[in-house]
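Right, one structure below, let's go through it.
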2 protein chains.
Amino acid sequence: MAIKERKEREKQDMRNLIIESATQLFLKHGYDKTSIRNMADDIEYSPATIYLYFKDKDEIFYVIHENGFALLDTELRKNDAIKNPFERLGAIGRTYMKFAFDNPDYYDLMFIMRAPLSQIKSEAEWKAGECAFGYVTQTIGECLEQKLIKPADVLLISISVWSFVHGLVSLYLRGRMCIVPMPDDVIEAMLDSAVTNYLIGLKA
Amino acid sequence: MAIKERKEREKQDMRNLIIESATQLFLKHGYDKTSIRNMADDIEYSPATIYLYFKDKDEIFYVIHENGFALLDTELRKNDAIKNPFERLGAIGRTYMKFAFDNPDYYDLMFIMRAPLSQIKSEAEWKAGECAFGYVTQTIGECLEQKLIKPADVLLISISVWSFVHGLVSLYLRGRMCIVPMPDDVIEAMLDSAVTNYLIGLKA
DNA sequence: TGAATATAATAAACACTGTTTAGTATATGC
DNA sequence: GCATATACTAAACAGTGTTTATTATATTCA
């Protein structure tokens, strides 16, 4: 009975087709323009067919959100080559910001929007987020071991570092940095030096 | 011709009625449930009537967003009684966080959502934001004058402080703090000590 | 192989959304 | 009193996510 397996394969192919179409539409035209009907048009199936492969729209965007994390993870871990954990932490911060500015729609889905997280059943099951965050806590842990930063709870520092960079990035992406009336490149430089400054403050 | 003035008054009354209804619906049921039709039902007029008083839905929510800033401003400036600017800065931070947790929907509209800012014509015209942010820069300016914090550009520090607190708050409000699996009250305490810790790091 | 069953896909509908248009009462100005 | 201006709305437009009933196809078993 290889039929069952072929059917399973075909089901996965169809899921992939839908995700590919949704991702392409999402990155090209944004979240609002990525409707079930647009996806259906794109893959040349009826809208109802999509519901045979995904429970709802949020489930589709949860997968896209997970793919975004895979992307970010790959980028972040490229900094593994940097042996000094404090230097690595700085590089991770800059990589994180670059990711956000290069992929604002992914960043939105991953850290700002509510939609994709409606999928997690509750009680800490955000696997995608845990992986990237784990890399930060690990690096900060090494910094603490080597006494490169002021002693404090590793989780508290991790959350602080993450929140600091996320704060800068998300206020910028949502247009709130217009309170300082400067051209975009000047602001981006400012955000960069804010991170640099912040990390200096952590130094032991 | 007092008729013209009465008409103007009536026009304002109607605008207020719509805003009141929208605000009540928004705070009670959230943004998505606050539709033009729901507002119309509530004030017992047709949906089209609302468009005689507001250009579009975003314009209504821009007013609500401005009201939110008036509220936050009042709260923040209560800290004016604190003469020491560094202590005042800490109090402002805690007031800001309390506002966010007490009024998550307002906070969303003011600092996270895109919708209401579609109203600002461009090139730094975000009056509501400037006012609250101005109070922070002013306080930080005083801290610098009195050499209470490490010297740096006042704008850079202001943006850093704001981003730090906003980062903590917005990650929490959008469910991303679930990476640390703790009860809400423990997390809120953690965010509080993160701010305290951060401000200590700024100290001269 | 042929009938019965299970699977895959869809057309159409449901209940919404923001917004616009054309038409109707009512109030104002002359 | 009549023409004009104002206030209002019913209905439609163009979309949204999702569900249901139906049909066509593929698979299983006698």
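Reckoned from all heavy atoms, side chains included, excluding hydrogens, waters and symmetry mates. Each chain gets a letter, A, B and so on, in the order its sequence line appears, and its residues count up from 1. If you're wondering where the values come from, they're calculated on a predicted model, not measured in any experiment.
- Nucleotide C:dC16 holds its C1' atom 12 Å from the NZ atom of B:Lys57, rounded to whole Å.
- Using cut-offs of 30° and 60° for the angle between ring planes, the A:Tyr107 and A:His166 rings count as parallel.
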Atom pairs, N/O to N/O, protein against nucleotides 8-10 of chain D, distance under 3.5 Å?
from  : atom 1 : to      : atom 2 : distance (Å)
D:dC8 : OP2    : B:Tyr53 : OH     : 2.5
D:dT9 : OP2    : B:Ser46 : N      : 3.0
D:dT9 : OP2    : B:Thr49 : OG1    : 2.4

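- If you measure from atom NE2 of B:His29 to atom P of C:dC16, you get 14 Å, rounded to the nearest angstrom.
- Rounded to whole angstrom, the span from the CG atom of B:Asp56 across to the P atom of C:dT17 amounts to 17 Å.
- Applying the salt bridge (charged side-chain N to carboxylate O under 4.0 Å, His left out) definition to pairs two or more places apart or across chains, none involves residues 23-36 of chain A.
- If you measure from atom CD1 of B:Ile18 to atom C1' of D:dA7, you get 12 Å, rounded to the nearest angstrom.
- Scanning atom types as modelled, one donor and one acceptor separated by under 3.5 angstrom connect the side chain of A:Arg37 and the base of D:dG17.
- Centroid-to-centroid, the aromatic rings of B:Tyr135 and B:Tyr96 stay 6.0 Å apart or farther.
- Ring geometry, A:Tyr198 versus B:Phe164: the interplanar angle falls from 30° to 60°, so the pair is classed tilted.
- The nearest whole Å value for the distance from the CD atom in B:Glu8 to the P atom in D:dT6 is 12 Å.
- Taking side-chain N and O atoms only, B:Asn38 has no distance below 4.0 Å to OP1 or OP2 of C:dC16.
- The aromatic ring centroids of A:His65 and A:Phe69 lie less than 6.0 Å from each other.
- Look at CZ on A:Arg15: it is 14 Å from P on C:dA8, rounded to the nearest Å.
- B:Arg15 meets the side chain to side chain contact (heavy atoms under 4.5 Å, CB included) test with B:Gln12, B:Tyr53, B:Phe54, B:Glu59, B:Val63; sequence neighbours excluded.
- Under a cutoff of 6.0 Å and an axis angle of 45°, B:Lys57 and B:Tyr51 do not form a cation-pi pair.
- Nucleic acid contact for B:Asp58: none, since no nucleic acid atom lies under 4.0 Å from a heavy atom of the residue.
- Going from atom CD1 of B:Ile36 over to atom P of D:dA12 covers 21 Å, rounded to whole Å.
- Summarising the geometry, the separation between NZ on A:Lys11 and C1' on C:dA6 is reported as 13 Å, rounded to the nearest angstrom.
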